[in-house]
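This report refers to the structure that appears directly beneath it.
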Amino acid sequence: MTVTEEGVKKLGFGLMRLPQKDGAIDIGQTKTMVDMFLNAGFNYFDTAWAYQGSEDAIRQALVERYPRDSYFLATKNAAWINCKTREEALDQFETSLRRTGAGYFDFYLLHNLGESRTHFFEDFDLWNWAFEKKREGLIKHVGFSFHSTPEELEAILTAHPEAEFVQLQINYADWDNPAIRSRECYEVARRHGKPVIIMEPVKGGMLATPPAQVESVLKKAEPDSSAASWAIRFAAGLDGVLTVLSGMSNVEQMQDNLSCLKDFTGLSDAEKATIAEAQAELKKIPLVPCTTCNYCAKVCPKNIGISGTFAAMNCLILYGDKERARGQADWLVDSHGLLRASECIKCGRCEQACPQHIRIRDELVRASKALY
């Protein structure tokens, strides 16, 4: 049976941000949310070896309480996290089986391919291994999640046409964002004929409280609809989408998501026009006009994380969430071994190389003060 024939519903329950109580996952509230989700007719659950406590929680809230053939369970292998040997990477699968008690996985993802992470899956021969597990019946469908450029996605899908689906970050804010290029990645996946699972449709919760001028557009069109529901519908309305994952953290979020997709059949022309207007308002906000071409990085003598700093700064400008912007800077700068903006020696070489004519030195000073 192909992925698209499985009967997966349009809304998927992302299990990365489960409700918390006293510093741990609230199993009672998670059970309530699982019940609501299944009772509404939805059936796809997405966890990962790397989501702390999530696989144990879904065993208690779902696997031990419902027939195994009544839902689809996905989990992921992050071979690039502290794996020095193939055996350590393979052990993630065994750990996931043990934690979930699921017996098998309907969807198994090689997790977060792109940049320096991709080679681990090649080095450890995990593609062949995953399809061997499929032949054994322990995995039904093999795919991968991806956070990088459309060019890299093209290369991976060309090298691995056997991939059955792709999980991509897609939302209306990132659709034409030059730093994320969601639309281009989506188009690559579709050219290769791959069904798409969407992650981050609400951009980690940011589009639940978008900039005021964007929220005004959405409320004018539908006063009683949440901003988050617009983001979910945008993602679900794209062709070739298998399901849209929403990382719901409480009963209220679950209710909102269920209400907007329970009878969803696609976006109307009026809804498409509203989203286009919201996107236009986003584009009016004065961001650092960085396209992540990284010509600046090639000439920087200090190896400053220039484009990553600007992406974090733009996050702060758009959503006013300093903690999330700092997290983005930590990921795009610190974790990539680059130096922070404060280390800039103001030599100006970056500005000579920048095709967007950004006053990089001034913007780095501004970002350093705003983010740290």
Give the minimum heavy-atom separation between [X] and [Y], together with the two atoms involved.
X: L157; Y: A163; value: CD2-CB, 4.5 Å
X: P150; Y: C185; value: N-SG, 3.7 Å
X: L332; Y: S335; value: N-OG, 4.4 Å
X: L62; Y: V34; value: CD1-CG1, 3.9 Å
X: L153; Y: L168; value: CD2-CD2, 4.1 Å
X: R68; Y: L73; value: NH2-CB, 4.0 Å

Q.
Could you walk me through whether S368 and S342 satisfy the side chain to side chain donor-acceptor pair (under 3.5 Å) test, starting with their C-alpha distance in whole Å, then the side-chain angles of each, then the deciding distance to 0.1 Å, before giving a yes or no?
A. CA-CA 6 Å; S368 185; S342 58; 4.6 Å; no

Q.
If you define the side chain from C-beta out and look only at heavy atoms, does anything of S54 sit under 4.5 Å from L18?
A.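 Heavy-atom side-chain distance check passes, below 4.5 Å.
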
Q) Do the non-hydrogen side-chain atoms of T100 and T75 ever get within less than 4.5 Å of each other? A)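 No, their side chains stay 4.5 Å or more apart.
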
Q.
Does E351 form a salt bridge (Lys or Arg N to Asp or Glu O under 4.0 Å) with R359? I'd like the steps, not just the answer.
A. CA-CA 6 Å; E351 293 180 12; R359 297 178 66 177; over 6 Å; no

Is a side-chain N or O of [X] found less than 3.5 angstrom from the main chain of [Y], in a donor-acceptor match?
X: N314; Y: V288; value: yes
X: T243; Y: I197; value: no
X: T95; Y: D91; value: yes
X: N171; Y: L207; value: no
X: Q29; Y: N250; value: no

Would you compute the distance between atom [atom1] of [X] and atom [atom2] of [Y] and round it to the nearest 0.5 angstrom?
X: L245; Y: Q169; atom1: CG; atom2: CD; result: 12.0 Å
X: F37; Y: N257; atom1: CZ; atom2: CG; result: 9.0 Å
X: D263; Y: L258; atom1: CG; atom2: CG; result: 11.0 Å
X: I27; Y: R59; atom1: CD1; atom2: CZ; result: 8.5 Å
X: I232; Y: D256; atom1: CD1; atom2: CG; result: 8.5 Å
X: C315; Y: D321; atom1: SG; atom2: CG; result: 6.5 Å

Q | ring pair (Phe, Tyr, Trp, His ring centres under 6.0 Å) partners of H111, counting only residues at least two apart | A |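 Testing H111 for ring pair (Phe, Tyr, Trp, His ring centres under 6.0 Å), a comparison that skips the adjacent residues, returns none.
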
Q: Please identify each residue that fulfils ring pair (Phe, Tyr, Trp, His ring centres under 6.0 Å) with F146, with sequence neighbours left out.
A: none

Please tabulate, for side-chain N and O atoms in residues 272-279, each donor-acceptor pair with protein atoms closer than 3.5 Å (sequence neighbours left out).
unit_1: T274; atom_1: OG1; unit_2: A270; atom_2: O; d: 3.1
unit_1: Q279; atom_1: NE2; unit_2: Y172; atom_2: O; d: 3.1

In this structure, are over 12 heavy atoms from other groups packed under 6.0 Å from [X] atom [atom1]?
X: Y295; atom1: OH; answer: no
X: N39; atom1: CG; answer: yes
X: E323; atom1: CD; answer: no
X: R349; atom1: CZ; answer: no

If you group Ile, Leu, Val, Met, Phe, Trp and Tyr by side-chain heavy-atom gaps below 4.5 Å, do [X] and [Y] land in one group?
X: I156; Y: Y108; result: yes
X: I139; Y: L110; result: yes
X: V251; Y: I58; result: yes
X: V196; Y: M199; result: no
X: L15; Y: W49; result: yes

Q: Using the side-chain hydrogen bond (donor to acceptor under 3.5 Å, both in side chains) rule, collect all pairs that involve residues 5-14, keeping only residues at least two apart or in two chains.
A: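 Found T2-E5, E6-H141.
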
Q. Taking 4.0 angstrom as the limit, do E187 and R190 come out as a salt bridge?
A. no

Q) Is R340 salt-bridged to D334, going by a charged N under 4.0 Å from an acidic O? A)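 So R340 pairs with D334 through a salt bridge.
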
Using the salt bridge (charged side-chain N to carboxylate O under 4.0 Å, His left out) rule, collect all pairs that involve [range], keeping only residues at least two apart or in two chains.
range: residues 144-155; answer: E151-R181, E154-R191
range: residues 28-42; answer: D35-R65
range: residues 206-231; answer: E222-R233

(Q) The criterion is salt bridge (Lys or Arg N to Asp or Glu O under 4.0 Å); which residues satisfy it with R17, sequence neighbours excluded? (A)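 Result, salt bridge (Lys or Arg N to Asp or Glu O under 4.0 Å) vs R17: E200.
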
Q) Sequence neighbours excluded, which residues qualify as salt bridge (Lys or Arg N to Asp or Glu O under 4.0 Å) partners of E136? A)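 Checked E136 against salt bridge (Lys or Arg N to Asp or Glu O under 4.0 Å); matches are K133.
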
Quick one about [Y] and [X] (side-chain donor to acceptor, distance below 3.5 Å, no hydrogens or angles considered), yes or no?
X: E55; Y: S96; answer: yes
X: E115; Y: H147; answer: no
X: Y51; Y: K76; answer: yes
X: N112; Y: S145; answer: no

(Q) Between E164 and K140, does the salt bridge (Lys or Arg N to Asp or Glu O under 4.0 Å) criterion hold? Intermediate values first, please. (A) CA-CA 10 Å; E164 297 176 86; K140 285 192 174 183; over 6 Å; no

Q) In terms of ring plane angle, is the pair Y71 and F45 parallel, tilted or perpendicular, where the classes change at 30° and 60°? A)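 Answer is perpendicular, since the angle exceeds 60°.
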
Q | F13 ring center within less than 6.0 Å of Y44 ring center | A | no

In residues 296-305, what donor-acceptor pairs under 3.5 Å come from side-chain atoms, sequence neighbours left out?
none

Q. Of I170, D176, D174, which is the lone residue that meets side chain to side chain contact (heavy atoms under 4.5 Å, CB included) with R183?
A.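 Going through I170, D176, D174 one by one, the side chain to side chain contact (heavy atoms under 4.5 Å, CB included) with R183 is satisfied by D176 alone.
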
Q: Give the C-alpha distance, both sets of side-chain angles, the deciding distance and a yes or no for side-chain contact (heavy atoms from CB on, under 4.5 Å) between F165 and F144.
A: CA-CA 7 Å; F165 63 95; F144 65 97; over 6 Å; no

Taking distance alone, no hydrogens or angles, what donor-acceptor pairs closer than 3.5 Å link side-chain atoms of residues 120-132 to residues at least two apart or in another chain?
unit_1: E122; atom_1: OE1; unit_2: H160; atom_2: NE2; d: 3.4
unit_1: E122; atom_1: OE2; unit_2: H160; atom_2: NE2; d: 2.7
unit_1: D123; atom_1: OD2; unit_2: H119; atom_2: ND1; d: 2.6
unit_1: D125; atom_1: OD1; unit_2: N128; atom_2: ND2; d: 2.8
unit_1: W127; atom_1: NE1; unit_2: H160; atom_2: NE2; d: 3.3

Q: Return each pair, listed once, that meets ring pair (Phe, Tyr, Trp, His ring centres under 6.0 Å) where at least one residue sits in residues 229-252; pairs must be two or more places apart or across chains.
A: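 Passing the test, one end in residues 229-252: W175-F234.
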
